[in-house]
2 protein chains.
Amino acid sequence: MKWGELEEEPCSMARTIGVIGDRWTLLILRECFLRTRRFEGFQSSLGITRHLLAERLKKLVRQGVLRRIPYQDSPKRHEYILTQKGLDLYPIMMAIVHWGDIHMVDARGRPLLHEHRKCGKDFHPVMVCSECGEPLLAKEVHTHPGPGARRNSPSAAPENPKAKTEAKAKTEAKAKTKAKTKATTRRRAA
Amino acid sequence: MKWGELEEEPCSMARTIGVIGDRWTLLILRECFLRTRRFEGFQSSLGITRHLLAERLKKLVRQGVLRRIPYQDSPKRHEYILTQKGLDLYPIMMAIVHWGDIHMVDARGRPLLHEHRKCGKDFHPVMVCSECGEPLLAKEVHTHPGPGARRNSPSAAPENPKAKTEAKAKTEAKAKTKAKTKATTRRRAA
DNA sequence: TCGTTAAGTTCCAATCTAGAACTATCGCGT
DNA sequence: ACGCGATAGTTCTAGATTGGAACTTAACGA
């Protein structure tokens with residue numbers, strides 16, 4: 001699966017991963033939330049190669065997560081700031097930081113604390129249900145298909161995100177060994 | 001920065017990214033939360049190459065996110081299940097899915113809905129402050145160094161988990177050599 | 001004129017990934 | 001007994017991605 005395909009998948013998680021699912025992008029976004037805005041700022045604080053940084057920034061701009069705005073004209077210079085779409089990534093960042101705070105700290109404790117301006121206290125993020133306000137537990141959540149779910153036509157299901165290996169079955173001569181009546185799980189959509 | 005170094009960083013986010021910060025790992029974890037447990041299950045639903053799948057599973061087991069448990073003895077077979085450490089990744093997964101639901105859906109709507117067993121309703125996850133219960137906004141949060149903040153720097157840079165290029169030292173000696181021939185192609189652009 | 005800052009580009013070598021084949025074991029059908 | 005299929009990997013090669021460092025462009029200040 002290539003990066004491009006990821007965004008076409010009928011899965012919000014896959015699509016999001018297509019946007020932020022690589023280590024440098026995530027780190028760049030961390031810097032954005034720590035108020036870094038300029039190319040050199042990202043480069044020196046992350047130690048990313050200039051080449052990749054330019055690439056990733058371009059991609060984030062293309063995807064509407066960052067906006068590139070000029071801050072001087074003389075030699076055209078720009079800075080990168082989070083759009084609303086980018087700011088909305090905040091819960092993801094906090095969830096990641098929190099997991100690290102719980103499971104990856106050494107004996108000395110957390111590297112960074114977070115203070116909530118509203119209540120003035122150091123906090124940790126808690127994910128709750130929008131309907132009842134209770135903290136979410138994986139086992140208390142049941143998933144079911146929504147309106148955007150994949151409807152695989154009963155007769156024609158050639159482009160399935162799964163079964164990649166079969167789709168490429170054009171190497172007929174060599175693949176024939178396996179190409180027997182491969183009684184795969186052929187199920188029809190209800 | 002290599003993958004290994006990431007986990008040494010004095011930043012919970014970098015450390016977490018060292019564990020789950022690549023596209024396949026995230027996708028594998030999605031499958032785990034959707035109750036996939038076996039090698040073939042992951043392979044066929046994700047279309048990941050067997051080679052990478054084996055590698056990633058091994059890494060997740062090493063890091064304590066998954067546990068490898070035998071489910072039959074004849075030809076030794078194992079399945080991979082989430083440990084508590086792995087289950088704790090749930091908020092990250094939900095945050096990622098939610099962002100996708102908001103920003104990456106097509107006209108048909110969300111591919112997957114989530115029902116909270118406790119209250120019986122379809123919900124979306126909300127991240128709140130553990131202290132006051134209010135939803136978290138990026139601008140209402142202030143970060144400050146905690147006990148595990150960067151060790152070596154005596155001058156203790158305030159709020160700065162960065163500055164990791166220290167060893168690189170800007171290519172000091174060579175940086176000056178290049179200044180030689182640059183004035184040759186000098187012309188003004190209207 | 002030199003040196004510096006800022007934001008990229010370009011180039012080559014080192015890694016990593018995709019895709020397909022191969023290995024190993026056991027249980028089954030004939 | 002023999003071959004087949006299912007499961008879980010491992011190996012191999014070619015192509016894609018990354019890392020590292022130099023080079024470019026443009027303007028400013030000493």
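All chains are named by letter (A, B, ...) in the order of the sequence lines, taking the proteins before the strands, and each is independently numbered beginning at 1. All values reported here derive from a predicted model rather than from experimental measurement.
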> Filter on salt bridge (Lys or Arg N to Asp or Glu O under 4.0 Å), then keep only pairs touching residues 122-147 of chain B, sequence neighbours left out; what's left?
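As it turns out, the salt bridge (Lys or Arg N to Asp or Glu O under 4.0 Å) pairs with a partner in residues 122-147 of chain B, which skip direct neighbours, are A:Lys118-B:Glu134.
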> Nearest to the B:Ala54 side chain among D:dA8, C:dA7, D:dG9, which nucleotide is it?
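Taking heavy atoms from C-beta onward, the closest nucleotide is D:dG9.
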> Would you write the dot-bracket representation of DNA chain C, where each base gets (, ), [, ], | or . depending on whether it forms a Watson-Crick or G-U pair under 3.5 Å and with which partner?
||||||||||||||||||||||||||||||
> Tell me the interatomic distance from A:Ile69, atom CD1, to C:dA7, atom P, rounded to whole angstroms.
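Checked: the CD1 to P distance equals 13 Å.
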> Taking CG from B:Leu53 and C1' from C:dG19, how many angstroms apart are they, rounded to a whole number?
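It works out to 15 Å between those atoms.
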> Could you list, one pair per line, each protein nitrogen or oxygen that sits under 3.5 Å from a nitrogen or oxygen of nucleotides 12-17 of chain C, together with the distance?
unit_1, atom_1, unit_2, atom_2, d
C:dT17, OP1, B:Arg56, NH2, 3.0

> Can you tell me the distance, in whole Å, between the NE2 atom of A:His78 and the C1' atom of C:dG8?
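Spelled out: NE2 on A:His78 to C1' on C:dG8 is 12 Å.
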> Quick one: label A:Phe42 by what it contacts on the DNA or RNA (base, sugar-phosphate, nothing), any heavy atom closer than 4.0 Å.
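It contacts nothing in the nucleic acid.
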> Just the rounded figure in Å: distance from P of C:dA6 to CZ of A:Arg77.
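For the pair A:Arg77 CZ and C:dA6 P, the rounded distance is 8 Å.
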> Could you give the CZ-to-P distance, from B:Arg37 to D:dA6, as a whole number of Å?
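So the two atoms are 22 Å apart, to the nearest Å.
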> For residues 55-65 of chain B, which residue pairs qualify under salt bridge (Lys or Arg N to Asp or Glu O under 4.0 Å), counting only residues two or more places apart or in two chains?
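As it turns out, the salt bridge (Lys or Arg N to Asp or Glu O under 4.0 Å) pairs with a partner in residues 55-65 of chain B, which skip direct neighbours, are B:Asp22-B:Arg56.
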> Under a 4.5 Å cut-off applied to non-hydrogen side-chain atoms, are A:Arg50 and A:Phe39 in contact?
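A:Arg50 vs A:Phe39: side chains touch.
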> Treating A:Gln43 as the side-chain partner and A:Thr49 as the backbone partner, does any N or O pair qualify as donor plus acceptor under 3.5 Å?
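Absent.
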> Just to verify, which of A:Met127, A:His124, A:Met93, A:His103 counts as forming a side-chain contact (heavy atoms from CB on, under 4.5 Å) with A:His98?
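The residue from A:Met127, A:His124, A:Met93, A:His103 that satisfies side-chain contact (heavy atoms from CB on, under 4.5 Å) with A:His98 turns out to be A:His124.
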> Do side-chain atoms of B:Glu115 reach the backbone of B:Phe123 as a donor and acceptor pair under 3.5 angstrom?
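Not a single qualifying donor-acceptor pair exists.
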> Go through D:dG9, C:dA7, C:dG8 for me and flag the one nearest to the B:Tyr80 side chain.
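Output: D:dG9.
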> Nearest whole angstrom, please: distance from the C1' of C:dG8 to the CD1 of A:Ile48.
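Interatomic distance, CD1 of A:Ile48 to C1' of C:dG8: 13 Å.
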> Please tell me whether B:Leu46 and A:Trp3 are part of a single hydrophobic cluster in this structure, the criterion being side-chain heavy atoms less than 4.5 Å apart.
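Linked, B:Leu46 and A:Trp3 end up in one cluster.
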> Show me the pairs that pass salt bridge (Lys or Arg N to Asp or Glu O under 4.0 Å) and involve residues 72-93 of chain A, at least two apart or across chains.
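Qualifying pairs, neighbours excluded: A:Arg37-A:Glu79, A:Arg38-A:Glu79, A:Asp73-A:Lys76.
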> When clusters are formed by joining ILVMFWY residues with side-chain heavy atoms under 4.5 Å apart, either directly or through shared neighbours, do B:Trp99 and A:Val128 land in the same one?
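Shared cluster, no.
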> Taking B:Val65's backbone N and O only, do any of them form a donor-acceptor pair with B:Thr83's side chain (distance below 3.5 Å, no angle check)?
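Flag set: sc B:Thr83 to bb B:Val65 pair under 3.5 Å.
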> If you define the side chain from C-beta out and look only at heavy atoms, does anything of B:Leu53 sit under 4.5 Å from B:Trp24?
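No - every pair of side-chain heavy atoms lies 4.5 Å or more apart.
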> What is the separation between atom CD on B:Gln72 and atom P on C:dC26, rounded to the nearest whole Å?
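Going from CD in B:Gln72 over to P in C:dC26 covers 10 Å.
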> So, does A:Thr25 use its side chain to make a donor-acceptor pair with the main chain of A:Ile20 at under 3.5 Å?
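It does not hold such a pair.
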> For D:dT10 and B:Lys58 - does any side-chain N or O of the residue sit under 4.0 Å from the phosphate oxygens OP1/OP2?
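Affirmative; the distance criterion is met.
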> Atom pairs under 3.5 Å, N or O on each side, protein against nucleotides 28-30 of chain D: can you list them with distances?
none

> Whole angstroms only, please: what is the CZ-C1' distance between A:Arg50 and D:dT18?
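Roughly 16 Å, once rounded to whole Å.
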